[in-house]
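Have a look at the structure below before the remarks.
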Amino acid sequence: MERYNFKIVEKKWQEFWDQNQTFKSKIKKDKKKFYCLEMFPYPSGNIHMGHVRNYTIGDVLARYKIMKNFNVLHPMGWDSFGMPAENAAKQNNLDPKSWTEKNISNMKKQLKKLGLSIDWNKEISTCSSDYYKHQQKLFLEFYDKGLVYRKENYVNWDPVDQTVLANEQVIDGKGWRSGAQVERKKLNQWFFNISKFSEDLLRSLDNLELWPNKVKVMQKNWIGKSFGCEINFKIKDNQNINEIKCYTTRPDTLYGMSFLAVSVDHPLSKLYENDVQFLKFKEECSKTGTTEEAIAQADKLGFKTNLNAINPLDETSSVPVYFANFVLMDYGFGAVFGCPAHDQRDLDFALKYNLPVKTVVRPIDKDVNFKVKNKAYTENGILINSQKLDGLKVPDESIPKTIKILEENKFGNKKINFRLKDWGISRQRYWGCPIPIAYDENNQILKIPEKQLPVKLPDGVDLNVQGNPLDHQDKWKNIEIDGKKCVRETDTLDTFVDSSWYFLRFCSSDNSKVPFNDEEIKYWMPVDQYIGGVEHAILHLLYSRFFIKAISYKNNNFNIQEPFDGLFTQGMVCHETYKDQKGNWLHPDEVTSDDGKNYFKKDNLNEKVIVGPIESMSKSKKNTIEPAKIIEQYGADSVRLFILSDSPPEKDVQWSEEGMIASYKFIQKLWVLHKKIKAILNNEIEIKDKKIERTEELNKFTNQIIHKITNNLEKFNYNVIVANFHEIYNYFSKEINNFIKKDALRENYKNILFLFSPIIPHFAQECLSELNINNKIIWPEANKKYLQEDMVEVVIQINGKKRFTIQSNTDSTEKEVYDKVVKEAYFIKNYGAMDIKKTIFVRNRLMNLIIL
RNA sequence: GCCCUCGUGGUGAAAUUGGUAGACACAAAGGACUUAAAAUCCUUGCCGCUUGCGGAGUGCCAGUUCGAGUCUGGCCGAGGGCACCA
């Protein structure tokens, strides 16, 4: 028998879909729409297994929805601006544009081989001026609405390369290329006013019912809404400074205050800018790192000033003022009061500098002599040692009451604070979207006028220069606006800006005049299902949400609340790691094993290979498998089947060669089965040992499996669907000789092939065409008649333990089951003489008999 | 340090959401076919005794319940997030 030749079949159907424009999308008002979107890839050169997984998951869904008669939009594009292109270009002395374009064409070819149901007419690339010209318009629109501004901000500055570094480019405080000690430097940067929408972004998370809770929690924490108050602390006897403003969520612990701490970047630091000791301290602080984790773990350091702050609730007492490394300037007011007994950081600090620890909250079950020693008490309780506040319940009574007192005495105000900071969008790099701004001779900001748009990136730029290459493009930089000499902004936009609205662009990708057309947006948006890696849980998703809010702001034509109705975050693809005896990473192709336990180097069979942990595939660990090769070897359907089979899509999956081969073999087995069914249907073979007519059972099996697979599709249980496919194979190959009525076999098998279609589309389509079933493939609906069995197995428990099962008519009553049970030989033998105290009956499921 | 998630056979995992734990596969062992191998198919799967049956059993310890992988509390372990890499 001929083997299944995936190479011919897959090519054939891919060409067929292409030529027939099978997946071309257009607005059809009479049909329900479904916008299925996977996160678009960065064109790094080749697709990797993560892409295969991501796009297979999306494709299964898109194909299913097409079969369910939805009007599906399933587009693809390229997130093609960014640092890797610039780095690759620098290293190999070529230009980012051609590097990127070459990668795109290569990856597009590879993606097409997966047989995805993508409408390639919608393809976009963010580095094309056809795309970013619209982005510049959006930027100016935001600017007009007051959502864009410029301010000074700290950056990681590499003094040797004269360039700004991303956090990941800073390794142990040094630049990744130059190795120079990185400095903190203040630079004028552009910002999107995302914090204006903090409340909105937080509140509308609650409406995103089809988002994983994990992602919503991360976003909630990121936005970080806190309820507290601002407090003005008077400074004792000082002519330079009268007061310091602090933000706190725990004003009720004021009586426990023993110091006041401010950030080294606080305006107060101006008073100490000539103090050598202070400058040394500031230098020390800059080494701590600014992440929350670093601050929480770091040693608490302080620099004592000669200032003293007065406690507003008790003006007879005052506490010393410190500069401290754990206070950040960009949160609150860059100043906090320290209450060591009830905040761990403050306690660490107080113990180090011998400051008093005054307990002001006691647990409910402890008395007023409760004292905090080495562990701060941050739970609920009762206020103590707080004069008139004593006895208040913490926090429900204590906080509002304290705020009220502070407000009445004009020492402070209730205040809601957000952790969310504005989004810095300036990047001092070449390969990004130019910011459509210029500065006149007085350094005044000018928008690039409409007729001078778009601002295109200059070609042929020398990247091997210090700092931002665009700074060196004098011809490009110096322009005239309305006859005035101006200089262009040379910063380009963060690539997160590019990906914050591409899903809108897909709706109108052929419209060169506007970024998107209201009518098309109205029809297609929001994205019904967005699929991608959980690594984008915060930034990309939050920024995209912000864009929707910002576009809607002061715009009545745009009425969308959220960009992504449903979100699915898939897990990573992992593989074992290998190292040689010297500790160098080895690629799976470089190692071999006979028993799957002991591995050796292929080029030196005497050298044992050290098998490391299973980790997500990465180039640096060399544990990658090239999808292009694997598809060439086993075919797209096999790869799609495997990548879905082993783990639920939201969890990490381990790549295994055995698993891949098993999927390949399974498709071959399905083909053998298919050939047999085809021969039966065409009367080409005579069934020898006809046994029992099983048509009703076949109908029942098919309809039940339709029901199961449909449910599993709806719930993203794609790994279970693969198991269901195996059930189908096992059932058919066992019973095939008993299906005597050919019409019924044909009808059931047709439906089975439809079920295969979203996951192994080439195979399914080939089989259908072999049976001359060329009409539209539609998702089969299970006939309810077959979903219920006539007989069910009922579990009989004695004292909660399973003892035996009985067959019973579906929906039998408790009495019917009971009567059957007491007639069972097993029951009579073992329990017949005992008293039944109680029976618990669950219809069609079990009966539990309680015997004492 | 703070927040979140997850712990089921040798392995990846199922389990109608409180009702037969281990579907479906991978690996392994034994067997069948074969001169032999490959391929294919069948059986086994933790502990006891002879088929059959019984027992333990979903990280650990308690609890709720007729009944817990599923719910509650505590502990142990693993992973992820905590500001400009996409």
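Bear in mind the structure is a predicted one, so any value in this text is a computation, not a measurement. Naming: A, B, ... by sequence-line order, numbering from 1 per chain.
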Could you pull out the protein-nucleic contacts involving nucleotides 39-43 of chain B (nitrogen or oxygen on both sides, under 3.5 Å)?
none

Which listed nucleotide ([options]) is nearest to the side chain of [X]?
X         : options                : result
Asp646(A) : G12(B), G19(B), A86(B) : G12(B)
Lys421(A) : U20(B), G19(B), A83(B) : A83(B)
Ser647(A) : G12(B), C26(B), G54(B) : G12(B)
Asn717(A) : A13(B), A25(B), A15(B) : A15(B)

Nearest-Å distance once atom [atom1] is located in both [N] and [M]:
N      : M      : atom1 : result
C26(B) : A62(B) : P     : 40 Å
G22(B) : U11(B) : C1'   : 13 Å
A38(B) : A28(B) : P     : 12 Å
C60(B) : C6(B)  : C1'   : 16 Å
G54(B) : C61(B) : P     : 26 Å
C47(B) : A13(B) : P     : 24 Å
C71(B) : A15(B) : P     : 14 Å
G52(B) : A68(B) : P     : 29 Å

OP1 or OP2 of [N] sitting under 4.0 Å from any side-chain N/O of [X]?
X         : N      : answer
Lys651(A) : C6(B)  : no
Tyr664(A) : C26(B) : no
Lys801(A) : A56(B) : yes
Ser645(A) : A25(B) : no
Ser656(A) : C26(B) : no
Arg803(A) : G55(B) : yes
Asn719(A) : A14(B) : yes

- Item | For the student: nearest non-hydrogen atoms of Leu202(A) and Lys225(A), plus distance |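 What the structure gives for the nearest pair is CD2-CD, 3.6 Å.
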
Indicate whether the side chain of Ser125(A) and that of Ser80(A) have a donor and an acceptor atom separated by less than 3.5 Å.
->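 Yes.
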
Worksheet item: Would you say the side chains of Glu38(A) and Asn54(A) form a donor-acceptor pair under 3.5 Å?
Response: no

_Donor-acceptor pair present, Gln797(A) side chain and U20(B) base, under 3.5 Å_ = no

Please state whether the base of U16(B) and the side chain of Arg845(A) form at least one donor-acceptor pair under 3.5 Å?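 Donor-acceptor pair under 3.5 Å: yes.
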
Between [atom2] on [N] and [atom1] on [X], what's the gap in Å once rounded to a whole number?
X         : N      : atom1 : atom2 : value
Leu541(A) : G81(B) : CG    : P     : 15 Å
Glu576(A) : G12(B) : CD    : P     : 12 Å
Ile796(A) : U20(B) : CD1   : C1'   : 11 Å
Leu644(A) : G12(B) : CG    : C1'   : 14 Å
Gln704(A) : U16(B) : CD    : C1'   : 12 Å
Phe326(A) : C2(B)  : CZ    : C1'   : 15 Å
Glu793(A) : A23(B) : CD    : P     : 15 Å
His726(A) : G12(B) : NE2   : P     : 18 Å

Whether [X] and [Y] hold their rings parallel, tilted or perpendicular, with breakpoints at 30° and 60°:
X         : Y         : value
Trp99(A)  : Tyr42(A)  : tilted
Phe81(A)  : Trp431(A) : perpendicular
Phe701(A) : Tyr731(A) : parallel

Quiz item: Toward the 5' end of RNA chain B, which comes first, Asn730(A) or Asp422(A), by nearest nucleotide?
Solution: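 The residue closer to the strand's 5' end, by nearest nucleotide, is Asn730(A).
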
- prompt: Of Val842(A) and Pro41(A), whose nearest nucleotide on RNA chain B comes first from the 5' end?
  reply: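 In this pair, the answer is Val842(A).
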
One should read off an interatomic distance between Met83(A) CE and Glu86(A) CD, to the nearest 0.5 angstrom, of 8.5 Å

Distance col, row His575(A):NE2 vs Ile625(A):CD1, nearest 0.5 angstrom, shows 4.0 Å

Could you walk me through whether Phe642(A) and Tyr664(A) pass the ring pair (Phe, Tyr, Trp, His ring centres under 6.0 Å) test, one step at a time? CA-CA 8 Å; Phe642(A) 171 68; Tyr664(A) 173 78; over 10 Å; no

Classified by glycosidic angle (syn within 90° of 0, else anti), G9(B) comes out syn

**OP:** Quick one: classify the glycosidic conformation of U17(B) as syn or anti, with syn meaning within 90° of 0.
**Re:**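 Chi for U17(B) falls in the syn range.
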
Residues pairing under salt bridge (charged side-chain N to carboxylate O under 4.0 Å, His left out) where one sits in residues 704-720 of chain A, two or more places apart or in two chains, turn out to be Lys708(A)-Glu727(A)

Just one of Tyr729(A), Phe725(A), Phe666(A) clears the ring pair (Phe, Tyr, Trp, His ring centres under 6.0 Å) bar with Phe756(A), so which one?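 Output: one option passes, namely Phe725(A).
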
Stems field, RNA chain B, Watson-Crick or wobble, 3.5 Å, at least 3 pairs, by first number, holds B:1-7 with B:76-82, B:10-12 with B:24-26, B:28-32 with B:40-44, B:46-49 with B:52-55, B:59-63 with B:71-75

Ring pair (Phe, Tyr, Trp, His ring centres under 6.0 Å), that's the test. Do Trp423(A) and Tyr543(A) meet it? Break it down for me. CA-CA 9 Å; Trp423(A) 173 13; Tyr543(A) 292 157; 3.6 Å; yes

